There are 2 protein chains.
Amino acid sequence: MEFREAKNKFVQTWGALGSQWGINKTMAQIHALLMVSNEAVSMEDIMEELQISRGNASMNLRALMDWGIVYKEYKTGERREYFTAEKDLDELAVKISKERSKREIKPALKVLKEVSSIEADGTAEERHFVEQTTKLYDFVLKADNVLDKMTEYKDNWLAQILLKFMK
Amino acid sequence: MEFREAKNKFVQTWGALGSQWGINKTMAQIHALLMVSNEAVSMEDIMEELQISRGNASMNLRALMDWGIVYKEYKTGERREYFTAEKDLDELAVKISKERSKREIKPALKVLKEVSSIEADGTAEERHFVEQTTKLYDFVLKADNVLDKMTEYKDNWLAQILLKFMK
DNA sequence: AATAAGTTTCATTTTTTATTGAAAGTTTAA
DNA sequence: TTAAACTTTCAATAAAAAATGAAACTTATT
């Protein structure tokens, strides 16, 4: 396999993976492209390389910047904007999990808390509902916290968490 | 909030969360419904409660069973099939992460290995590509393994992983 | 302050994904 | 072995999500 083919395969695969995990294909592809570029890339280049429209490129670049995993760069003497991706993978993981937690897990937790707090002295059905949603709330909260800790001390998280536990 | 409202809210929320993570809405909703039911539920009931067609119910129940998180149950003297969900949340997490790893992470790793193995003594661009995809391969592999370990020893995974590390 | 070079927005269109429903298939039991 | 009760499949349809592209907007330069 030669370079261009490999690069293309990587971008396509990353895009497919993204869409399986609820991140739109183009957004993941742009990110992939920037990840493996050794220098900042202009919007034109991205449009050209992925064969997408200006609007699409613009909106997904904006989304990637909102996630904090793509940065704008200005070259002196040039009007055009260039883009680079966060290339530190630990940093990338931290940002993605923080963002998804904020956008998706936290709101879900809120609902879980709400629905598990209904009065249910009634039927077995109701008691089971409250029990199960309460367990789910605790579980999701715990999982979210572990993730948070893992990312907070990104280097050697295991040792760090352990330290915290022992304190 | 009273019971029916709470139950409905839970099912809707779980469905939305599912679709944000690449699991189809109905599949997540059926799972939610079964999770909070204290007894096995028939396909008819599911169709009725979620207002979905027979085909849809059938296909998504099949998918949930393929994932190993929903089981068929037979009631003696009844023709009809009933369904229950895995209610142990640790077990649920294990099964979901195993399944997603198998379906999505493993194939992605394969591609990453492939594309990071190209000959690249050429340009800086090519060298950067190989370096970056190699890092990514290592990272994803490591993350996948940690998850695997966490789920393998689901109770007190921290201590267990630590033990392994120390051996 | 006019213009040029570039970027963003968003109504419309396209693509992708999920759902329906009717026909085919199974299974149980009389 | 037939029929009734139920489930599965899959081509057609609907719904949801993503992409387009042209107009509006911004900013830098002369």
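Just so it is clear: chains get the letters A, B, ... in the order the sequence lines come, proteins before strands, and each one is counted from 1. These figures come from a predicted structure and were not determined experimentally.
As rounded to whole Å, 17 Å separates atom P of dT17(C) from atom CD of Gln20(B). Atoms CG (Leu61(A)) and C1' (dG6(C)) sit 14 Å apart, rounded to a whole Å. Counting to the nearest Å, the P atom of dG21(C) and the CG atom of Asn56(B) are 11 Å from each other. Spacing between atom CZ of Arg54(A) and atom P of dC10(C) amounts to 18 Å, rounded to whole angstrom units.
Looking only at side-chain heavy atoms (C-beta outward), Glu126(B) and Thr123(B) come within less than 4.5 Å of each other. Contact of the Glu81(B) side chain with the Tyr74(B) side chain is registered, since non-hydrogen atoms from C-beta on lie closer than 4.5 Å. Side-chain contact between Phe139(B) and Asp90(A) is present, with at least one heavy-atom pair separated by less than 4.5 Å. Between Val115(B) and Glu5(A), the closest side-chain pair of non-hydrogen atoms is not below 4.5 Å. Residues Phe83(B) and Leu64(B) have side chains not in contact (no heavy-atom distance under 4.5 Å, counting atoms from C-beta outward). Side-chain contact check for Lys135(A) versus Glu131(A): some heavy-atom pair is nearer than 4.5 Å. Between Arg62(A) and Asp66(A) the shortest side-chain heavy-atom distance falls below 4.5 Å.
Of the residues in residues 24-31 of chain A, those lying under 4.0 Å from DNA chain D by heavy-atom distance are Asn24(A), Thr26(A). Looking at residues 37-53 of chain A, you'll see Gln51(A), Ile52(A), Ser53(A) sit with a heavy atom under 4.0 Å from some atom of DNA chain D.
Heavy-atom contacts from other residues, nucleotides or ligands closer than 6.0 Å to NZ of Lys75(B) number more than 12.
Using a 3.5 Å distance cut-off with no hydrogens or angles, the side chains of Asn56(A) and Ser53(A) do not pair a donor with an acceptor.
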Mind listing the side-chain donor-acceptor pairs of residues 103-110 of chain A below 3.5 Å, one per line with the distance, residues two or more places apart or on another chain?
| unit_1 | atom_1 | unit_2 | atom_2 | d |
| --- | --- | --- | --- | --- |
| Arg103(A) | NE | Glu99(A) | OE2 | 3.1 |
| Arg103(A) | NH2 | Glu99(A) | OE2 | 2.8 |
| Glu104(A) | OE1 | Arg100(A) | NE | 3.0 |
| Glu104(A) | OE1 | Arg100(A) | NH2 | 3.3 |
| Glu104(A) | OE1 | Trp21(B) | NE1 | 3.1 |
| Lys106(A) | NZ | Ser101(A) | OG | 2.9 |
| Lys106(A) | NZ | Asp144(A) | OD2 | 3.1 |

Which atom pairs, one a donor and one an acceptor, fall under 3.5 Å between side chains of residues 25-35 of chain A and the rest of the protein, sequence neighbours left out?
| unit_1 | atom_1 | unit_2 | atom_2 | d |
| --- | --- | --- | --- | --- |
| Gln29(A) | NE2 | Gln12(A) | OE1 | 3.2 |

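Nucleotides of DNA chain D lying under 4.0 Å from heavy atoms of chain A occupy a range whose first and last members, 5' to 3', are dA18(D) to dA28(D).
Look at Lys7(B) and Glu49(B) and you find a salt bridge, because one of the NZ, NE, NH1 or NH2 atoms lies within 4.0 Å of a carboxylate O, short of that distance.
Comparing Met59(A) and Glu81(B) along DNA chain D, the residue whose closest nucleotide (by nearest heavy atom) sits nearer the 5' end is Glu81(B).
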Pairs under 3.5 angstrom, nitrogen or oxygen only, protein versus nucleotides 2-5 of chain C, please.
| unit_1 | atom_1 | unit_2 | atom_2 | d |
| --- | --- | --- | --- | --- |
| dA5(C) | N3 | Arg79(A) | NH2 | 3.1 |

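Proximity of a side-chain donor or acceptor of Ser58(A) to a complementary backbone N or O of Arg54(A) within less than 3.5 Å is not detected.
For Lys72(A) and dT8(C), the shortest distance from a side-chain N or O to OP1 or OP2 is below 4.0 Å.
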